[in-house]
Amino acid sequence: MDIEFSGIVLRPMGNFKNSYDYHYQTLKENVDMLKLIQLEFNVNEDVLANDSIDLLCQSGIDFVKNNEKGIDAKRFGELLMSYEIVLNDSVHWVTFHSGYDFGYLLKLLTCQNLPDTQAGFFNLINLYFPIVYDIKHLMKFCNSLHGGLNKLTKLLEVKRVGISHQAGLDSLLTSCTFRKSPNIR
């Protein structure tokens, strides 16, 4: 699973208990404010990080076409629920460093801002996505594996189809990488 979003535009201010709390508050504030690129995002009207949008444009994202032919975000959330893709322990979610991905999906599914605490966030992830394999997290337990998804795919000799920063193609690459690396399952 991979979602494209319009970047990080906010950094929280204040005192935080630890770096995890700071990082969650950064995720929460940005997800609460921004929209998914694939659903109802308008590059001319919505808040965005220019560097992220430039990268996505260079990767072939057609924002005009997304606006004209994109699916309604609430309808997409309804379809995920009605087809039992979420809240289902028979569905296995394979991701790579997926905090923001799950944040945007939770916002979409609940029609609410993210919980105030990281514990509340993880409770919702466990409810909506009971079986998750986050390759980036699992790599911590493999001494020889490190780096980002592209570095890992080169190490494991997984061939990319298409260009990066296309959510569907990145999802396929993540799945192929997971299947090729039995030591992290």
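Predicted, not measured: the structure shown is a model, and the values here were computed from it. One is the number of the first residue; the rest follow in order along the sequence.
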* Can Leu34 be reached from Leu55 by stepping across I, L, V, M, F, W or Y side chains whose heavy atoms are under 4.5 Å apart? -> no
* Is there a donor-acceptor pair under 3.5 Å between the side chain of Lys107 and the backbone N or O of Val31? -> yes
* To do: Measure the CG-CG distance between Leu56 and Leu48 for me, rounded to the nearest 0.5 Å.
  => 10.0 Å
* Asked: Going only through I, L, V, M, F, W and Y residues with side-chain contacts under 4.5 Å, is there a path from Val91 to Ile135?
  -> no
* Any chance you could measure Leu114, atom CG, to Gln118, atom CD, to the nearest 0.5 Å? => 11.5 Å
* Asked: Can we say Glu78 and Arg75 salt-bridge, meaning some charged N sits less than 4.0 Å from an Asp/Glu carboxylate O?
  -> yes
* So, does Ser98 use its side chain to make a donor-acceptor pair with the main chain of Thr95 at under 3.5 Å? -> no
* Hey, could you give me the OG/CD1 distance between Ser90 and Ile85, rounded to the nearest 0.5 Å? => 12.5 Å
* To do: Evaluate the criterion side chain to side chain contact (heavy atoms under 4.5 Å, CB included) for residue pair Glu4 and Asp170; output intermediate values, then yes/no.
  => CA-CA 10 Å; Glu4 301 302 334; Asp170 286 352; 3.6 Å; yes
* Would you call the rings of Trp93 and Phe129 parallel, tilted or perpendicular if under 30° counts as parallel and over 60° as perpendicular? -> perpendicular
* What's the spacing between Leu145 CG and Lys136 NZ if we round to 0.5 Å? -> 10.5 Å
* **Partner set under side chain to side chain donor-acceptor pair (under 3.5 Å) for Asp116, not counting sequence neighbours** => none
* **Verdict with supporting geometry, Val43 and Ile37, side chain to side chain contact (heavy atoms under 4.5 Å, CB included)** => CA-CA 9 Å; Val43 73; Ile37 293 295; over 6 Å; no
* To do: Check step by step if side chain to side chain contact (heavy atoms under 4.5 Å, CB included) holds for Ser82 and Leu79.
  => CA-CA 5 Å; Ser82 66; Leu79 291 171; 4.3 Å; yes
* **Phe141 and His137 aromatic centres sub-6.0 Å** => yes
* To do: Say whether Phe5 and Tyr24 are linked into one hydrophobic cluster, either directly or through other cluster members, by side-chain heavy-atom distances under 4.5 angstrom.
  => yes
* Structure fact -> On a heavy-atom basis, the closest approach of Ile125 and Phe102 is CD1-CB, 3.9 Å
* **side chain to side chain contact (heavy atoms under 4.5 Å, CB included) involving His146 - partner list, sequence neighbours excluded** => Lys151
* **N/O donor-acceptor pair under 3.5 Å between Asp89 side chain and Pro130 backbone** => no
* Might you point out which heavy atoms bring Asp134 and His97 nearest each other, and give the distance in Å? => OD1-N, 2.8 Å
* Asked: Hey, does the side chain of Asp32 reach the backbone of Asn113 with a donor-acceptor pair shorter than 3.5 angstrom?
  -> no
* Structure fact -> Note: with side-chain heavy atoms under 4.5 Å as the link, the other cluster members for Phe16 come out as Tyr22
* Asked: Quick one: does Ser171's side chain have a donor or acceptor within less than 3.5 Å of a partner on Asp2's backbone?
  -> yes
* Ignoring hydrogens and angles, tell me if any N or O in the side chain of Lys35 forms a donor-acceptor pair with the backbone of Ala73 under 3.5 Å. => no
* Structure fact -> Residues passing the side chain to side chain contact (heavy atoms under 4.5 Å, CB included) test with Asn123, sequence neighbours excluded, are none
* Going only through I, L, V, M, F, W and Y residues with side-chain contacts under 4.5 Å, is there a path from Leu39 to Leu105? -> yes
* Asked: Does the distance from a Lys or Arg side-chain N to an Asp or Glu carboxylate O, for Asp21 and Lys17, drop under 4.0 Å?
  -> no
* In one Ile/Leu/Val/Met/Phe/Trp/Tyr side-chain cluster, 4.5 Å: Phe178, Met1 -> no
* Structure fact -> Heavy atoms of Asn42 and Asp46 approach each other most closely as N-OD2, 2.6 Å
* Look at the side chain of Lys180 and the backbone N and O of Leu156, then say whether any donor-acceptor pair between them is shorter than 3.5 Å. => yes
* Spatial distance of atom CG (Leu27) from atom CD1 (Ile8) [nearest 0.5 Å] -> 8.0 Å
* Structure fact -> To the nearest 0.5 Å, atom OH of Tyr104 lies from atom CD1 of Ile3 at 9.0 Å
* With sequence neighbours excluded, what pairs up with Tyr128 under the ring pair (Phe, Tyr, Trp, His ring centres under 6.0 Å) test? -> none
* So Thr174 and Leu149, side chain to side chain contact (heavy atoms under 4.5 Å, CB included) or not? Walk me through it. -> CA-CA 7 Å; Thr174 301; Leu149 181 59; 3.5 Å; yes
* May I have all residue pairs that pass ring-ring contact (aromatic ring centres under 6.0 Å, His included) and include part of residues 54-91, sequence neighbours excluded? => Phe41-Phe63
